[in-house]
Amino acid sequence: MQPDQSQRDTVYRYDLISCHDCGVLHRRRLLAPRDKARCVRCRSVLYRGVDPDLNRIAAITMGALIVFLIAQLSPIVRLEMNGNTSTSTLPHAVAIMWGQGMRAVSVCVALFTIVFPAIELVSVLYVVLGLRSGRQPPGMHWLLRGVRKAREWGMTEVLMIGILIGLIKMTSMSKVIIQPGLLAFGALTLMMAVEASLDPRLLWNAADRLGAGAMLAPAERAALETRAPMVACHDCGLVLAAYANRHGQRCARCGCKLHRRKPDSIMRTWAYLIAAAILYIPANLLPVLNTDSLYGNKDDTIISGVVYFWDTGAPELAVIIFVASIVVPMLKLAALSLLTWTAQRRSHWRPMQRTVLYRMVEFIGRWSMLDIFVITVSVALVRFDAMAMMTPRPGALAFCAVVVLTMFAALEFDPRLIWDPVKDKNGVRHV
């Protein structure tokens, strides 16, 4: 059945979509399930052809929240060595890192693996349950903005791989017995992946349909017709008419402060990159972990950990740690430096390839925390008094700082700066 003319002319305010990577303005179209709408210029995915099923989202999120609590409160594994046992939960591991003097590292681990995933799950569940009841829940906009931020920093899947690598390393010195916490973390990783496939903007759109503000406002309709300047909200995605004489314009839907491009994006990105590059040297030269056992006392750097797995017949793990802890941070520094330098020069050189490079940097950034999670698990579990003890060393702090700074640099960089100098021959509208 074809829509009539009035249906085709009806434009809702969430039908206007600005590409996150290049700023081209699009109008939403209906898609078949599992289809993707891509930007006409940079080929970024704009949205998928699935409307949110609130019942399904509520069920998955509630299940993930229950599994999350089990994972946090249950011991991960139990180690046995010469009649002695050692076990730990994730919060206990964070507390041990704090007690060992690595307070900044312990705070980062707690935020990335406990606080941010909890914020995401609780906020989504609260909003979805409110929308299911036919109303917009109080504080929804603040919570959904928090969900977007929490997803940028939540690292449940990286933690799971780190736990597995740490346990494989411990099998050489003790007997490893799996506990409920490890199984819960495995299930949580899968459930968080499903829950993360939900775009929070779909919940904003669902809330629009419940109220009277779903239709495109006259100001935006006039801006479309006259090709006047428009600006997109970076949080909820709403596209609005830009007011040249109004400073501090805010989004009409979520209240976020609007700006055409991220303020001081180039300067902030350079600052984070320079700081990360300085710390990258001690992060690789200083020891990150000390092992005191019956076999002696030994300090391990990141590269010595790679050599250990290679020499003990686990080349796959050696490659994973080498790539995640050494290659990825170095490539992130080089890639972000290239992107920032070319954007600062307003270069026309290969904008499509540079955009793809930025997407790769965004995707792989969190995996550099893998070694920090391995250290956290090892320090918490290998505590057998005089027989074996592991303690963190200053290199862990430097490496954690490198990871956080490079992630901040990637978030501060505005990929739309890549495309701003490029003249589009197709006459598409930019925001």
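This chain uses plain numbering: 1 for the first residue, then up along the sequence.
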Task: Flag, side chain of R250 to backbone of G255, donor-acceptor distance under 3.5 Å - done: yes
- [ ] Dump the intermediate steps for side chain to side chain contact (heavy atoms under 4.5 Å, CB included) on I60 and R56, then the final yes or no.
- [x] CA-CA 6 Å; I60 293 174; R56 175 176 174 270; 3.9 Å; yes
Open item on the list: Run the side chain to side chain contact (heavy atoms under 4.5 Å, CB included) test on R260 and D420 for me, step by step, so that the C-alpha distance in whole Å, both residues' side-chain angles and the decisive distance to 0.1 Å come before the verdict.
Closed with: CA-CA 11 Å; R260 185 175 178 273; D420 283 347; 4.1 Å; yes
Task: CZ (R350) with more than 12 external heavy atoms under 6.0 Å - done: no
Open item on the list: Quick check for you: to the nearest 0.5 Å, what is the distance between L90 atom CG and I163 atom CD1?
Closed with: 6.5 Å
Task: Lys/Arg-Asp/Glu bridge criterion (N-O < 4.0 Å) met for R29, D15 - done: no
Open item on the list: Any side-chain to backbone donor/acceptor pair from H20 onto V45? Under 3.5 Å, distance only.
Closed with: no
- [ ] Measure the OG1-CZ distance between T355 and R416 for me, rounded to the nearest 0.5 Å.
- [x] 12.0 Å
TODO: Over all heavy atoms of both residues, which pair between A283 and I302 is shortest? Give the atoms and the distance, please.
DONE: O-CD1, 3.7 Å
Open item on the list: Using a 3.5 Å distance criterion without hydrogens, assess whether the side chain of S123 forms a donor-acceptor pair with backbone atoms of E120.
Closed with: no
Open item on the list: Donor-acceptor pair, distance only, cut-off 3.5 Å: does the side chain of K262 make one with the backbone of L411?
Closed with: yes
Task: side-chain hydrogen bond (donor to acceptor under 3.5 Å, both in side chains) partners for R78, two or more places apart - done: E80
TODO: Evaluate whether atom CE of M352 has more than 12 neighbouring non-hydrogen atoms of other residues, nucleotides or ligands under 6.0 angstrom away.
DONE: yes
Task: F185: partners by ring pair (Phe, Tyr, Trp, His ring centres under 6.0 Å), with sequence neighbours left out - done: none
- [ ] Taking R13 for its side chain and L238 for its backbone only, find out whether a donor-acceptor pair lies under 3.5 Å.
- [x] no
Task: Close side-chain approach of P351 and C42, heavy atoms under 4.5 Å - done: no
- [ ] Provide the closest heavy-atom pair for L216 versus L224 in the form atom of the first, atom of the second, distance.
- [x] CD2-CD1, 3.8 Å
TODO: Report yes if the side chains of M191 and T61 come closer than 4.5 Å at any heavy-atom pair, otherwise no.
DONE: no
Open item on the list: Do L203 and L54 make a side-chain contact, defined as non-hydrogen atoms from C-beta onward lying under 4.5 Å apart?
Closed with: yes
Open item on the list: Do R209 and Y12 form a cation-pi contact, if we require the NZ or CZ to be under 6.0 Å from the six-membered ring centre and within 45 degrees of the ring's axis?
Closed with: no
- [ ] In sequence, state the C-alpha distance, the side-chain angles, and the governing distance for R253 and N205, and then conclude on side-chain hydrogen bond (donor to acceptor under 3.5 Å, both in side chains).
- [x] CA-CA 10 Å; R253 180 161 67 176; N205 297 346; 3.2 Å; yes
TODO: May I ask you to test the V147-I119 pair for a side-chain heavy-atom distance under 4.5 Å?
DONE: no
Open item on the list: Taking the cut-offs as 6.0 angstrom to the six-membered ring centre and 45 degrees off its axis, would you call R201 and Y47 a cation-pi pair?
Closed with: no
Open item on the list: Between S265 (side chain only) and D414 (backbone N and O only), is there a donor and an acceptor less than 3.5 Å apart?
Closed with: yes
TODO: Could you please spell out the steps behind the side chain to side chain contact (heavy atoms under 4.5 Å, CB included) verdict for I418 and R354?
DONE: CA-CA 7 Å; I418 297 173; R354 282 187 286 153; 3.7 Å; yes
- [ ] Just jot down the side-chain hydrogen bond (donor to acceptor under 3.5 Å, both in side chains) partners of R268, sequence neighbours excluded, or say none.
- [x] none
- [ ] Give the C-alpha distance, both sets of side-chain angles, the deciding distance and a yes or no for side chain to side chain contact (heavy atoms under 4.5 Å, CB included) between S337 and W270.
- [x] CA-CA 8 Å; S337 297; W270 275 127; 4.2 Å; yes
Open item on the list: Within this structure, what is the CG-OG1 distance for the pair L79 and T85, rounded to the nearest 0.5 Å?
Closed with: 9.0 Å
Task: Closest heavy-atom pair and its distance - V361, A335 - done: CG2-CB, 3.7 Å
Open item on the list: I'd like to check M330 versus L333 (side-chain heavy atoms, cut-off strictly below 4.5 Å). Are they in contact?
Closed with: no
Open item on the list: Any side-chain to backbone donor/acceptor pair from T171 onto I168? Under 3.5 Å, distance only.
Closed with: yes
- [ ] Indicate the atoms forming the closest heavy-atom contact of G365 with V403, along with that distance.
- [x] O-CG1, 4.2 Å
Open item on the list: For R151, is there an ion pair with E195 - N to carboxylate O distance below 4.0 angstrom?
Closed with: yes
Open item on the list: Below 30° counts as parallel, above 60° as perpendicular, anything between as tilted: where do the rings of W204 and H141 land?
Closed with: parallel
Open item on the list: Under a plain distance cut-off of 3.5 Å, with no hydrogens placed, do W367 and E157 share a side-chain donor-acceptor pair?
Closed with: no
- [ ] Looking only at non-hydrogen atoms, find the nearest pair between A104 and L397 and report the distance.
- [x] CB-CD1, 3.7 Å
- [ ] For residues L131 and Q136, report the shortest heavy-atom separation together with the two atoms involved.
- [x] CD2-CA, 4.4 Å
- [ ] Would you give the length of the straight line joining atom OG of S378 to atom CE of M170, rounded to the nearest 0.5 angstrom?
- [x] 3.5 Å
Open item on the list: Under the ring pair (Phe, Tyr, Trp, His ring centres under 6.0 Å) definition, can you give me all pairs with a residue in residues 398-421, not counting sequence neighbours?
Closed with: W153-F408, Y272-F408, Y358-F413
Task: Euclidean distance, L336 CG relative to E412 CD, rounded to 0.5 Å - done: 11.5 Å
TODO: Step through the shown structure and confirm whether more than 12 heavy atoms of other residues, nucleotides or ligands are within 6.0 Å of CG on L338.
DONE: yes
Open item on the list: Tell me whether I281 at atom CD1 has more than 12 heavy atoms from other residues, nucleotides or ligands lying less than 6.0 Å away.
Closed with: no
Task: Min side-chain heavy-atom separation V122-L65 under 4.5 Å - done: yes
Open item on the list: For the backbone of R145 and the side chain of D235, can you confirm whether one donor and one acceptor N or O come within less than 3.5 Å of each other?
Closed with: no
Open item on the list: Please determine whether the number of non-hydrogen atoms from other residues, nucleotides or ligands lying under 6.0 Å from atom CZ of R38 exceeds 12.
Closed with: yes
TODO: Output all residues satisfying side-chain hydrogen bond (donor to acceptor under 3.5 Å, both in side chains) with D21, sequence neighbours left out; order by chain, then residue number.
DONE: S44, R359
TODO: Flag the pair E152 and R366 as a salt bridge only when some basic side-chain nitrogen lies within less than 4.0 angstrom of an acidic carboxylate oxygen.
DONE: no
Task: Nearest-0.5 Å distance, CG of residue L182 to CD of residue Q179 - done: 9.5 Å
Open item on the list: If you define the side chain from C-beta out and look only at heavy atoms, does anything of H26 sit under 4.5 Å from C19?
Closed with: yes
TODO: For S86 and L381, indicate whether the former's side chain and the latter's backbone hold a donor-acceptor pair under 3.5 Å.
DONE: yes
TODO: Return yes if some donor-acceptor pair links the side-chain N/O of E220 with the main-chain N/O of L16 below 3.5 Å, else return no.
DONE: no
TODO: Could you list all the side-chain hydrogen bond (donor to acceptor under 3.5 Å, both in side chains) pairs where at least one residue sits in residues 99-109, not counting sequence neighbours?
DONE: none
Task: T89 and L73, any side-chain heavy atoms less than 4.5 Å apart - done: no
